[in-house]
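Worksheet: the structure to be examined is printed underneath.
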Amino acid sequence: MWINNQSSLDDFILLGFSDRPWLETPLFIIFLVAYIFALFGNISIILVSRLDPQLDSPMYFFVSNLSLLDLCYTTSTVPQMLVNLWGPEKTISYGGCIAQLYIFLALGSTECILLAIMAFDRYAAICKPLHYPIIMNQRRCTHMAAGTWISGFANSLVQSTLTVVAPRCGQRVVDHFFCEVPALLKLACTDTSVNEAELNVLGALLLLVPLTLILGTYVFIARAVMKIRSAESRWKAFNTCASHLLVVSLFYFTAISMYVQPPSSYSRDRGKIMALFYGIVTPTLNPFIYTLRNKDVKAALRRALTKEFWVKKR
């Protein structure tokens, strides 16, 4: 009964959790609360990073980019999920589905590269402290951030095209709660082995190459930290990297488990759980990971709550 007879034949039907209707109301509440926290946390990080002069550094410039990514990431999927969970209508237009697929892939691709750049920033700060202001000057940081966003959206254009061109022969029931590559490829009525191979190569390059660079960077960072004689300085250096490492672990674990595999081996329940994790849980947790582990951000947030902070901005 949840399929509207008036819906266009071009619309996709998102099954989501329709096979478990008793889950829909609790999930609606959980997703709504998580989305509100994600909005609040990421907008707060962006504002304090931009407005507080004590956070005017390359590290917080890239953290604010990550928060903007996470903000867009959740907004590209969660509102549609809430609509589908709340009412009987479970459809999304063809254009809306393609746009959602493209934007979600673009933001995920951008985050892969951005996390690698953030690791390089920590390497420069810890291993090359005297040259750090030169290596990570404002112009270079801006170029790196712009290149990251452009690369992510260019990669998404290729992956989205490879997904959309597969003929569906009229099939439009997507066993997922948003439009994602593995679920859409499942609708194909022809052999998609070539598409899958190309998507796997792109996925491996985009996920494994930045991850390898991140791990290699942290090997050099660990060596540099171990040479520091002061235990306090060693702990401070480790603490600046701990938040980034935790974010990397959360993001890459779920992304690799989803995209570095043949879509034909896609398990619907596992896919939904993984998508929930990197589509909602991770973007919601990221700002709190950086806030709870970072004294500078916590201090900036406290300053932002004072009247004097906003008076100075006038």
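Computed from heavy atoms alone, side chains included, the values below leave out hydrogens, waters and symmetry copies. Please read these numbers as outputs of a predicted model, since none were measured by experiment.
- Taken from OG in Ser49 to CG in Leu55, the straight-line distance is 5.5 Å, to the nearest 0.5 Å.
- Checked by atom type and distance alone, the side chain of Ser76 never pairs as donor or acceptor with a backbone atom of Ile103 at under 3.5 Å.
- Val78 and Phe40 fall into different hydrophobic clusters, where Ile, Leu, Val, Met, Phe, Trp and Tyr side chains are chained together by heavy-atom contacts under 4.5 Å.
- By the 6.0 Å contact criterion, CG on Asn137 is enclosed, its count of non-hydrogen atoms from other residues, nucleotides or ligands being greater than 12.
- Ile221 and Cys127 make their closest contact through CA-SG, 4.0 Å (heavy atoms, listed as atom of the first residue, atom of the second, distance).
- Asp121 places a side-chain heavy atom less than 4.5 Å from the side chain of Tyr132.
- Shown here is Gln138, whose CD atom has no more than 12 heavy atoms of other residues, nucleotides or ligands within 6.0 Å.
- For Asn42 (side chain) and Leu39 (main-chain N/O), no donor-acceptor pair under 3.5 Å exists by modelled atom type.
- Judged by distance alone, the side chain of Lys90 and the main-chain N or O of Asn84 form a donor-acceptor pair under 3.5 Å.
- Linking ILVMFWY residues whenever their side-chain heavy atoms come closer than 4.5 Å, directly or via other members, leaves Ile150 and Leu68 in distinct clusters.
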Let's go through Leu15 and His176 carefully: what are the C-alpha distance in whole Å and the side-chain angles of both, what is the deciding distance for side chain to side chain contact (heavy atoms under 4.5 Å, CB included) to 0.1 Å, and is it a yes or a no?
CA-CA 6 Å; Leu15 287 184; His176 213 302; over 6 Å; no
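- Leu105 has its side chain out of reach of Asn155: every pair of non-hydrogen atoms, C-beta onward, lies at least 4.5 Å apart.
- The backbone N or O of Ile46 sits nowhere less than 3.5 Å from a side-chain atom of Ser64 that would complete a donor-acceptor pair.
- Contact record, Leu82 with Phe31: CD2-CB, 3.8 Å, taken as the closest heavy-atom pair.
- Leu207 and Pro210 get closest at one heavy-atom pair: O-CD, 3.6 Å.
- Put simply, the side chain of Thr163 gets close to the backbone of Gln159: a donor and an acceptor are under 3.5 Å apart.
- Within the 4.5 Å cutoff, side-chain heavy atoms of Leu276 are placed close to those of Met81.
- Counting heavy atoms from C-beta on, the side chains of Glu111 and Thr148 never come closer than 4.5 Å.
- Val201 and Leu206 fall into different hydrophobic clusters, where Ile, Leu, Val, Met, Phe, Trp and Tyr are joined by side-chain heavy atoms under 4.5 Å apart, directly or via other members.
- Without hydrogens or angle criteria, Arg172 side chain to Ile13 main chain gives no donor-acceptor distance under 3.5 Å.
- Here the side chain of Thr217 pairs no donor or acceptor atom with the backbone of Tyr123 at under 3.5 angstrom.
- Under the 4.5 Å side-chain heavy-atom criterion for ILVMFWY residues, a single connected hydrophobic cluster contains both Val247 and Ile43.
- Counting only heavy atoms from C-beta outward, the side chains of Leu115 and Tyr252 approach each other to under 4.5 Å.
- Among Val225, Val248, Leu213, Leu245, the single residue meeting the side-chain contact (heavy atoms from CB on, under 4.5 Å) criterion with Tyr218 is Leu245.
- Of all the heavy atoms in Cys179 and Leu184, the pair that sits closest is CB-CD1, 4.1 Å.
- Residues Thr110 and Asn65 are not in side-chain contact: their nearest non-hydrogen atoms beyond the backbone lie 4.5 Å or more apart.
- Considering CG of Leu162 and CG of Leu202, their distance stands at 6.5 Å, rounded to 0.5 Å.
- A 4.5 Å side-chain heavy-atom check between Leu69 and Trp149 finds at least one atom pair inside the cut-off.
- Taking hydrophobic clusters as Ile, Leu, Val, Met, Phe, Trp and Tyr residues chained together by side-chain heavy-atom distances below 4.5 Å, Phe104 shares a cluster with Leu157.
- Between Tyr73 and Phe251, the ring-plane angle classifies as tilted under the 30° and 60° cut-offs.
- Between Leu114 atom CG and Leu107 atom CG the span is 11.5 Å, to the nearest 0.5 Å.
- Closest non-hydrogen pair, Met136 versus Cys141, comes out as O-SG, 3.6 Å.
- Counting heavy atoms from C-beta outward, Val63 and Ile45 have side chains that approach closer than 4.5 Å.
- For the atom pair CZ of Arg122 and CZ of Phe62, the computed distance is 10.0 Å after rounding to the nearest 0.5 Å.
- If you take OG1 on Thr75 and CG on Asp70, they are separated by 10.5 Å, rounding to the nearest 0.5 Å.
- Each of Thr74, Thr284, Ile280, Leu32 was compared with Phe37 under the side-chain contact (heavy atoms from CB on, under 4.5 Å) criterion, and only Thr284 meets it.
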Trace of the side chain to side chain contact (heavy atoms under 4.5 Å, CB included) decision for Val174 with Lys186
CA-CA 8 Å; Val174 182; Lys186 276 285 187 180; over 6 Å; no
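- Ring orientation note: the planes of Tyr94 and Phe12 are close to parallel, at an angle under 30° on the 30°/60° scale.
- The SG atom of Cys112 sits 11.5 Å away from atom CD1 of Ile117, with the distance rounded to the nearest 0.5 Å.
- Across every non-hydrogen atom of Ile92 and Gln100, the tightest pair is CD1-OE1, 4.1 Å.
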